[in-house]
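Structure, as structure tokens:
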Amino acid sequence: MAEERGMALVTCTAPVNIAVIKYWGKRDTELILPINSSLSVTLHQDQLRTTTTAAASRDFTEDRLWLNGEEVDAAQPRLQACLREVRRLARKRRGDDDPSPLNLSYKVHVASENNFPTAAGLASSAAGYACLVSALARLYGVEGELSEVARRGSGSACRSMLGGFVQWHRGERPDGRDSVAQQLAPETHWPELRVLILVVSGEKKAVGSTAGMQSSVDTSPLLKYRAEAVVPERLSRMARHIQERDFEGFGQLTMQDSNQFHATCLDTFPPIFYLNDVSRAIIALAHRYNAHHGRTKVAYTFDAGPNAVIFALEDTVPEFVAVLRRSFPPASNGDQFLRGLPVAPVALPEELVAAVVAEPVPGAVRYVLHTQPGPGPQLLRDPERHLLGADGLPRRTA
Ligand code: DP6
């Protein structure tokens, strides 16, 4: 923690995660307690990350928050809940009469930015709240179980507090103390696993997940059945596939769970549609590709938006990316089509093109981001990376 003129300052980064067994529905909207446990893969911060600087000073007169350079309302309840929880843990840790290094009544300034489009269905709130809680916890010297705090910002954020393969246990207690994230395996567990994010739209999603899932809880009998009868068995099966690095099992279950989540959205009344025609074209393409090879080589999953996330093993990626280029020819920025980890170009066998590639839809996939599983939140020690300057206000970054 840097201290300048009585101001304490911390900067962290945090990852996005993608659920393979989805969280959809709360049993307690205040504490953000889910109706079912969920399981996710944390994505690497080299490609997708939130960076957050949190500062506290006696000179600050109010809590202030900047998101991607724009000041927004810091009074929002979820932000305040995280702040309150971190301060409560700090108070508990210090004891009542401990002379505190940082006065807990100081106001905070927080600046946060994503290196990917906000609210595009890329779980920006998960990385955002995980990063906020990580930075605040460092600021106040709090350690230990922080996923419970991040959960108060956004349910899926609790899973971004850990790297690799992560389960969020729904918990049984009404106070939510046991509704926490747990790492099942670190990111190094499955070195060949790769992730392709197919960005089909950078638009804000039509129905946000918070409102969408509440509407599903209120109206969808399928959601209730899913939470009670389907998810528990799927969780143990998914954990086993991951443990055994069984891509076929992992991939099939990932696709089935994504499909069931979107089925609960359709079962919601009025129905919610997150997938669009491009999403459905990607689903069909993945199935044709797997059928051509006679096994599951790629697996799709979709959250509350039209972007697809594809899992594949490293040796499948060059061929599948070539299939994507043929199916969704880049409109103009051909060089920019593939971003993130490099992929070797390959020539596609004609019989594969004939069997797998349907009528090409130019420009339908804006770009593909190639990444892999990664670690949990990180502390940045380089002062150059702080988003707030010595005056506690956003720095002009390039
Ligand atoms: C479809 O965590 O964004 O991505 O708890 O209301 O903030 P709130 O919802 P949020 O929901 C994520 C839903 C999902 C599935 C998942 O990530 O498990």
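For ligands, and for the atoms within them, numbers begin at 1 and follow the listed sequence.
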Query raised in the report: Are the side chain of Q45 and the backbone N or O of P375 linked by a donor-acceptor pair below 3.5 Å?
Result: yes

Report task. Would you tell me which option among I18, L39, D303 has the nearest heavy-atom contact to atom 4 (O) of ligand 1? Result -> D303

Query raised in the report: When you look for heavy atoms under 4.0 Å from ligand 1, do you find them on the side chain of S209, its backbone, both, or neither?
Result: side chain

Query - Spacing of L132 atom CG and S154 atom OG [to the nearest 0.5 Å] - result: 11.5 Å

Query raised in the report: Are N17 and T42 close enough that a side-chain donor and a side-chain acceptor fall under 3.5 Å?
Result: no

**Report entry** Ring geometry between Y289 and H293 (parallel below 30°, tilted from 30 to 60°, perpendicular above 60°)
**Finding:** perpendicular

Query raised in the report: Can you list the ligand 1 atoms lying under 4.0 Å from a non-hydrogen atom of W24?
Result: 1 (C), 13 (C)

Report task. Could you list the atoms of ligand 1 found under 4.0 angstrom from a heavy atom of I32? Result -> 5 (O)

Requested in this report: For K26 and ligand 1, answer yes if some heavy atom of the residue is under 4.0 Å from a ligand atom, otherwise no.
Outcome: yes

**Report entry** Test: E62 and K107 ion pair at under 4.0 Å
**Finding:** no

Query raised in the report: For ligand 1, which part of R152 has a heavy atom less than 4.0 Å away: the side chain, the backbone, both, or neither?
Result: neither

Query raised in the report: Looking only at side chains, do R385 and T11 share a donor and an acceptor under 3.5 Å apart?
Result: no

Report summary line: For F261, the ligand 1 atoms with a heavy-atom partner under 4.0 Å come out as 1 (C)

Query raised in the report: Between T264 (side chain) and L222 (backbone), is there a donor-acceptor pair under 3.5 Å?
Result: no

Requested in this report: Mark the output for S125 as yes if a heavy-atom distance to ligand 1 is under 4.0 Å, and as no if none is.
Outcome: yes

Query - Ligand-side contact atoms (ligand 1) for residue partner A19, heavy atom cut-off under 4.0 Å - result: 16 (C), 17 (O), 18 (O)

Query raised in the report: Relative to the heavy atoms of M213, which atoms of ligand 1 are at a distance of less than 4.0 Å?
Result: 9 (O), 11 (O)

Query - Backbone or side-chain N or O of Y23 under 3.5 Å from ligand 1 N or O - result: yes

Query raised in the report: For N17 and ligand 1, does the shortest N/O to N/O distance drop below 3.5 Å?
Result: no

Query raised in the report: Mind checking whether Y129 has a heavy atom under 4.0 Å from ligand 1?
Result: no

Query raised in the report: Between G155 and ligand 1, is there a nitrogen or oxygen pair with a distance under 3.5 Å?
Result: yes

Query raised in the report: Hey, does S154 come in under 3.5 Å of ligand 1, counting only N/O atoms on both sides?
Result: yes

Requested in this report: Go through the side-chain N and O atoms of Y23 and D303 and say whether any donor and acceptor fall under 3.5 Å apart.
Outcome: no

Report summary line: In short, N36 meets W24 closest at the heavy-atom pair OD1-O, 4.1 Å

Requested in this report: Under 4.0 Å, heavy atoms only, figure out whether ligand 1 is touched by the backbone of S156, its side chain, both or neither.
Outcome: both

Query raised in the report: Ion pair present between D257 and R226, side-chain N to carboxylate O less than 4.0 angstrom?
Result: yes

